[in-house]
Amino acid sequence: MPFIHAKTNQNIAPETEQKLKKELGRAIECLKGKSETWLMLCFEPNQKMWFQGTDAPAAMVQVDIFGKASDQEYNALTKEICRLFNSELQIPQNRIYVKYSENTHWGWNGGNF
Ligand SMILES: O=C(O)c1cc2cc(O)c(O)cc2[nH]1
């Protein structure tokens, strides 16, 4: 049950949002055992964001997972996320942060996994 929460100061057109949704559903498979089946997404476009003193295109992508993944898996996912946000939203890869959180407790449907 991963959760990807992406904030950006760029607009996201409806067709781009669909593409991001589809591609992130594939990218999450970089993490062993994760898939679109349990993936929740949240896009927050048009945010007021500054990085390194400028409001040039930037993104903050937070990935929450239940359990753990390896450094290699995280590196592969960061590569995919940066490639995707660059190709779809024209955000330079050096203006994209990707942050990971591993969670031991995750609730769903009235109970915890
Ligand atoms: O996506 C995951 O991290 C995930 C899905 C899933 C389903 C399930 O029934 C479990 O017991 C664990 C679990 N993790």
Side-chain angles (χ1 to χ4, degrees):
M1 47 289 304
F3 176 49
I4 299 179
H5 188 179
K7 300 178 190 190
T8 177
N9 51 7
Q10 297 302 98
N11 188 46
I12 305 179
E15 57 272 23
T16 303
E17 191 173 71
Q18 287 301 311
K19 184 93 183 283
L20 288 172
K21 176 193 82 70
K22 183 175 162 194
E23 293 295 323
L24 287 170
R26 286 196 189 133
I28 198 65
E29 294 177 8
C30 291
L31 308 186
K32 192 163 173 264
K34 310 298 182 191
S35 71
E36 190 180 37
T37 307
W38 290 92
L39 177 63
M40 184 179 286
L41 295 172
C42 178
F43 298 123
E44 290 194 68
N46 302 312
Q47 299 299 295
K48 289 183 177 289
M49 294 175 68
W50 288 261
F51 179 53
Q52 297 178 326
T54 89
D55 63 355
M60 175 77 210
V61 183
Q62 294 168 262
V63 181
D64 267 89
I65 64 164
F66 176 48
K68 294 179 181 297
S70 69
D71 290 351
Q72 197 175 14
E73 289 165 347
Y74 284 134
N75 283 336
L77 183 53
T78 296
K79 189 174 176 182
E80 279 306 298
I81 288 173
C82 290
R83 183 195 60 75
L84 185 59
F85 279 70
N86 173 251
S87 66
E88 294 305 316
L89 297 174
Q90 293 73 54
I91 301 171
Q93 296 202 22
N94 64 3
R95 291 187 60 83
I96 301 170
Y97 275 152
V98 185
K99 185 170 90 66
Y100 295 96
S101 301
E102 295 180 338
N103 298 273
T104 54
H105 296 83
W106 200 287
W108 171 71
N109 196 25
N112 288 333
F113 284 94

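Remember, it's 1-based here, ligands and their atoms both numbered in the order they're listed. Numbers here are sequence positions counted from 1.
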### Task
Determine the interplanar angle of the Tyr74 and Tyr100 rings, folded into 0 to 90°, and report it as parallel if under 30°, tilted if 30 to 60°, perpendicular if over 60°.
tilted

### Query
Below 4.5 Å, heavy atoms only, C-beta onward: do Asn46 and Asn9 meet side chain to side chain?
no

### Summary
Taken in chain and number order and not counting sequence neighbours, the residues that satisfy ring-ring contact (aromatic ring centres under 6.0 Å, His included) with Phe66 are none

Show the short N or O contacts, below 3.5 Å, that ligand 1 makes with protein N or O atoms; if there are none, say 'none'.
unit_1, atom_1, unit_2, atom_2, d
ligand 1, 1 (O), Met1, N, 2.1
ligand 1, 3 (O), Met1, N, 2.6
ligand 1, 3 (O), Lys34, NZ, 2.6

### Partner residues of Trp106 under the ring-ring contact (aromatic ring centres under 6.0 Å, His included) criterion, sequence neighbours left out
none

### Task
Answer yes or no: does atom OH of Tyr97 have more than 12 heavy-atom neighbours from other residues, nucleotides or ligands under 6.0 Å?
no

### Set of residues satisfying salt bridge (Lys or Arg N to Asp or Glu O under 4.0 Å) with respect to Glu73, sequence neighbours excluded
none

